[in-house]
Amino acid sequence: MLRPARKSRHLRNSTALAAVALGAALALTSTSAQAAGAAPKHYVALGDSYAAGAGVPSQSAGLCLRSDRNYGHLVAAALKSGRYTDVTCSAAKIKAMTQPQYDAFIRVNDPQLDAVTADTDLVTLGIGGNDLAASDLGLGELVATCIAGAVVNPLGTPCKDVYHHGHWDWSSMSWQYGTDDLAERIRTTIAPQLADTLKRIHAKAPGARVLLVGYPSVLPADGSKCILRQPVTPGDVEYMHGVLNKLNAALKSTAAANGATYVDTATPTLGHDVCSDDRWIEGALPGSPAVPFHPNATGEQVMAQAVLAALK
């Protein structure tokens, strides 16, 4: 364990390195814009709370929790987009691309694909995470399940046991697992629906460059790094880290098969997860404005840089 003085130095060094990295990222903005070619005439941002920048000031669009500093706004500004349409909305599932979105029977957003028109020449889409859950709570269901399970089984994998059907097998006298519901939803629901969505975007805007934006590094691969930092067991941290990796892999392969560019945001946010000393993804108790387990302003900025890099 670091002694107080050494820990203080460590944090100062970490902060300094982060400042240098962000400074370099800002410097790259104009370069990325130039490398991407002519400014888009009509850029449309689609997606869920990670794309909306939920909780990052300033917020608009009611329950959609849309930030004016989400990665779409930052990309539009960097590229000097002629027209920018942001219809991202928190809690959106893939069906929100073609259907109105409701929250407690209140219509909060029109079908997002309505914003894509024939003159649209750039589209970013960040969606799929909420479809991991069967309920309308989306990712909130997974977070609640993992946190509640940790209260009664702090040394086990209660969240994994729910979704992976963990059970004691008396015949083998060992703990066994059944079908992984989350992995199955990625394979049988999320990937096919995303493929259909990408086809619909291409049909509505044949000349558009389409980018499918992945999810950042929300959790570390090593669950022990979250002990006493987040109310989730180390085993469940590792399980959910693996689920998000599978989701990103599915997004990447679906993009490649359907004429879209995948944007990796996990790599540039690595080491800045909810359990790190320098968080770009906030945890259960956010230290800077953001919805729990979502990117803060720095996280959105880093995701914007990933989009700009993908446009080179």
Side-chain angles (χ1 to χ4, degrees), residues 29 32-33 35-54 56 58-101 107-131 190 193-215 251 254-255 258-263 265 295 300-301 303-312:
T29 299
S32 298
K41 295 177 181 177
H42 184 200
Y43 165 27
V44 177
L46 312 171
D48 58 20
S49 52
Y50 281 72
V56 178
S58 294
Q59 295 278 286
S60 65
L63 293 175
C64 283
L65 302 179
R66 198 176 296 149
S67 173
D68 63 0
R69 287 194 287 170
N70 61 27
Y71 66 74
H73 274 82
L74 299 177
V75 168
L79 296 178
K80 297 180 172 57
S81 179
R83 181 182 170 201
Y84 174 57
T85 306
D86 185 353
V87 292
T88 57
C89 191
S90 294
K93 291 194 172 190
I94 299 173
K95 66 182 181 181
M97 296 300 109
T98 56
Q99 301 174 25
Q101 185 176 337
R107 183 166 173 153
V108 298
N109 209 26
D110 293 332
Q112 292 192 28
L113 287 185
D114 286 359
V116 179
T117 54
D119 69 336
T120 301
D121 52 355
L122 176 62
V123 176
T124 53
L125 171 62
I127 200 77
N130 288 314
D131 290 272
I190 295 174
Q193 289 184 2
L194 269 176
D196 178 69
T197 297
L198 292 174
K199 291 173 184 175
R200 290 174 183 271
I201 293 173
H202 288 307
K204 295 196 71 175
R209 178 96 182 261
V210 182
L211 279 67
L212 186 56
V213 182
Y215 288 86
L251 298 182
T254 302
N258 292 277
T261 299
Y262 174 70
V263 180
T265 65
E300 290 290 333
Q301 186 177 53
M303 292 175 76
Q305 285 300 317
V307 172
L308 289 169
L311 285 168
K312 289 182 179 180

Kindly give the heavy-atom pair with the smallest separation between [X] and [Y], and that separation in Å.
X	Y	answer
Met303	Tyr50	CE-O, 4.5 Å
Pro295	Val56	O-CG2, 3.6 Å
Ala92	Ile127	O-CD1, 3.5 Å
Arg209	Ala310	NH2-O, 3.0 Å
Ala39	Lys80	CB-O, 3.3 Å
Gly72	Tyr84	C-OH, 3.1 Å

Checklist entry - Which of these, Val87, Thr197, Ile94, sits in a side-chain contact (heavy atoms from CB on, under 4.5 Å) with Gln112? => result Val87
Checklist outcome for this item: Of Asn258, Val210, Val44, Asp196, the one forming a side-chain contact (heavy atoms from CB on, under 4.5 Å) with Ile201 is Val210
Next on the checklist: For Thr124 and Tyr43, which I'm curious about, is there any donor-acceptor pair between the side chains at under 3.5 Å?
Outcome noted: yes
Item to check | Val123 vs Leu46, side-chain contact (heavy atoms from CB on, under 4.5 Å): CA-CA, chis, key distance, verdict | outcome: CA-CA 7 Å; Val123 176; Leu46 312 171; 3.8 Å; yes
Less than 4.5 Å apart, side chain to side chain, heavy atoms only: is that true for [X] and [Y]?
X	Y	value
Pro100	Pro111	yes
Leu79	Leu311	yes
Leu194	Leu125	yes
Glu300	Ser67	no
Val108	Cys89	yes
Val263	Leu251	no
Asn70	Asp86	yes

Would a distance-only check, ignoring hydrogens and angles, find a side-chain to backbone donor-acceptor pair under 3.5 Å from [X] to [Y]?
X	Y	answer
Gln301	Arg69	no
Tyr215	Gly129	yes
Asp121	Lys41	yes
Gln59	Gly53	yes
Asp68	Ser58	yes
Ser81	Arg83	yes
Asp131	Lys93	no
His42	Thr117	no

Checklist entry - Who passes salt bridge (Lys or Arg N to Asp or Glu O under 4.0 Å) against Asp114, sequence neighbours left out? => result none
Item to check | side-chain contact (heavy atoms from CB on, under 4.5 Å) evaluation trace for Thr265 with Val213 | outcome: CA-CA 7 Å; Thr265 65; Val213 182; 3.7 Å; yes
Checklist entry - How long is the gap from CD on Gln193 to OG1 on Thr254, to the nearest 0.5 Å? => result 11.5 Å
Next on the checklist: I need the Thr88 OG1 to Leu65 CG distance, nearest 0.5 Å.
Outcome noted: 10.0 Å
Checklist entry - Are more than 12 heavy atoms from other residues, nucleotides or ligands located less than 6.0 Å from atom NZ of Lys204? => result yes
Checklist entry - Do Val116 and Thr85 pass the side-chain contact (heavy atoms from CB on, under 4.5 Å) test, and can you show the C-alpha distance, the side-chain angles, and the key distance before you say yes or no? => result CA-CA 9 Å; Val116 179; Thr85 306; over 6 Å; no
